[in-house]
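Comments concern the structure below.
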Amino acid sequence: MLNGTLVSHFSPVIATNLIAYSLFDQNSKPQSNPSIFAGAFGNGNKGNTEFKPLPATITEVNSIKSSFPNTTKITEQNFTAEASKNKAVGNTIIHLATHALFQSGSPLNSYILFGDGSKVTLSAISDWNLKNVDLVVLSACQTGLGTSSNGAEILGFGYQVQKAGAKASIASLWTVSDGGTQLLMQAFYENLKKGSPSLSTSLRDAQLSMIHRPVKDGEINFNHPYYWAAFVLIGNGL
């Protein structure tokens with residue numbers, strides 16, 4: 001199914017992974033001019049050799065800021081766990097473009113990494129004040145899942161952010177590309193800007209745009225499912 005020759009026949013469907021907290025609020029139609037907090041890892045903590053730089057995350061949040069003026073963005077060393085927790089309050093979309101590590105067998109010890117090297121575990125993110133947040137996007141460009149993982153860790157992330165008050169979240173099921181994720185997210189926010197009827201439709205149409213994206217000689221074939229199929233919507237995205 002992931003063979004490049006089958007890409008043109010592989011079409012995403014509108015699917016939402018519902019969990020208990022998803023059922024509490026049925027009014028989650030996306031706003032055309034949301035208030036957004038966007039943080040980017042960028043080159044990250046230069047003293048940390050465990051995680052590689054994610055330069056496309058800077059382009060990613062700059063694009064969001066260009067499309068939605070009511071966006072607060074922080075990057076690199078200023079993108080800290082504490083600053084993000086504080087700046088998340090009062091926004092309708094939280095966008096975290098960074099590394100995350102989901103550990104099979106100990107999901108609550110899984111964590112999101114910030115530009116200064118600070119971390120927030122899955123259990124701690126439920127302490128964030130995400131009241132009135134429509135969507136938390138974990139644009140984690142190197143999301144790691146253990147070899148024995150079945151994706152429950154990703155649903156755990158969705159559960160924790162909804163426990164903190166958010167209505168829905170987007171995260172990836174496998175290790176993804178920095179550049180490919182940037183293109184997918186750019187298309188996703190363009191769809192929101194156009195007034196897409198739902199979060200799930202915005203994501204699906206962004207994935208379709210990746211499938212049909214022209215491939216020039218010498219360029220990466222971003223229409224391969226590896227670059228767009230990993231991202232799933234968790235919660236009420238209708």
Side-chain angles (χ1 to χ4, degrees), residues 36-65 71-89 91 93-130 133 135-147 149 151-164 166 169-182 184-185 188 227 230-232 234:
I36 300 174
F37 165 67
F41 184 86
N43 291 312
N45 185 353
K46 295 179 174 59
N48 187 339
T49 58
E50 182 181 359
F51 295 93
K52 69 179 184 180
L54 300 173
T57 60
I58 301 294
T59 304
E60 190 172 313
V61 298
N62 284 343
S63 176
I64 295 172
K65 176 69 174 178
T71 295
T72 300
K73 69 167 187 173
I74 54 176
T75 63
E76 312 258 18
Q77 296 295 314
N78 294 324
F79 178 43
T80 68
E82 182 177 2
S84 299
K85 181 179 181 179
N86 293 334
K87 291 182 181 297
V89 178
N91 289 288
I93 295 179
I94 310 301
H95 186 95
L96 306 176
T98 184
H99 288 287
L101 181 65
F102 290 105
Q103 302 182 37
S104 59
S106 54
L108 293 182
N109 292 327
S110 302
Y111 61 84
I112 301 168
L113 181 69
F114 294 82
D116 66 333
S118 57
K119 302 174 182 177
V120 170
T121 63
L122 211 59
S123 58
I125 203 167
S126 64
D127 295 330
W128 286 32
N129 180 6
L130 301 180
V133 173
L135 178 67
V136 176
V137 180
L138 181 55
S139 178
C141 297
Q142 290 292 322
T143 299
L145 286 174
T147 55
S149 174
E153 294 79 13
I154 301 297
L155 291 178
F157 166 76
Y159 179 85
Q160 293 297 325
V161 298
Q162 289 178 59
K163 184 179 179 182
S169 60
I170 290 176
S172 63
L173 292 173
W174 59 73
T175 302
V176 290
S177 152
D178 185 25
T181 299
Q182 182 265 312
L184 178 68
M185 292 301 168
F188 172 75
Y227 294 100
F231 286 94
V232 295
I234 307 165

Starting at [atom1] of [X], measure out to [atom2] of [Y] and round the result to the nearest 0.5 Å.
X	Y	atom1	atom2	answer
Ile58	Gln182	CD1	CD	11.5 Å
Phe114	Lys85	CZ	NZ	11.0 Å
Lys87	Ile94	NZ	CD1	11.5 Å
Thr72	His95	OG1	NE2	14.0 Å
Asn78	Lys73	CG	NZ	11.0 Å

Quick one: does [X]'s side chain get under 4.5 Å of [Y]'s, heavy atoms only?
X	Y	value
Phe79	Leu96	yes
Trp128	Val120	yes
Thr98	Ile112	yes
Ile125	Phe157	yes

Shortest non-hydrogen contact from [X] to [Y]?
X	Y	result
Ser126	Ala164	O-CB, 3.6 Å
Ser139	Phe231	CA-CE2, 4.3 Å
Pro53	Asn43	CB-OD1, 3.7 Å
Gly115	Gln77	O-NE2, 3.5 Å
Ser169	Gly158	OG-CA, 3.4 Å
Ala81	Ser118	N-OG, 3.1 Å

Under the 3.5 angstrom rule, does the side chain of [X] hit a backbone N or O of [Y] as a donor-acceptor pair?
X	Y	value
His99	Lys52	yes
Thr57	Gly42	yes
Thr75	Ala40	no
Asn129	Val89	no

Counterpart residues, side-chain contact (heavy atoms from CB on, under 4.5 Å), relative to [X] (two or more places apart):
X	value
Thr71	Ile36, Ala38, Ile64, Lys65, Phe68
Ala83	Ile74, Thr80
Asn86	Glu82

Residue of the set Val136, Leu138, Leu135, Ile234 for which side-chain contact (heavy atoms from CB on, under 4.5 Å) holds with Ile170: Leu135

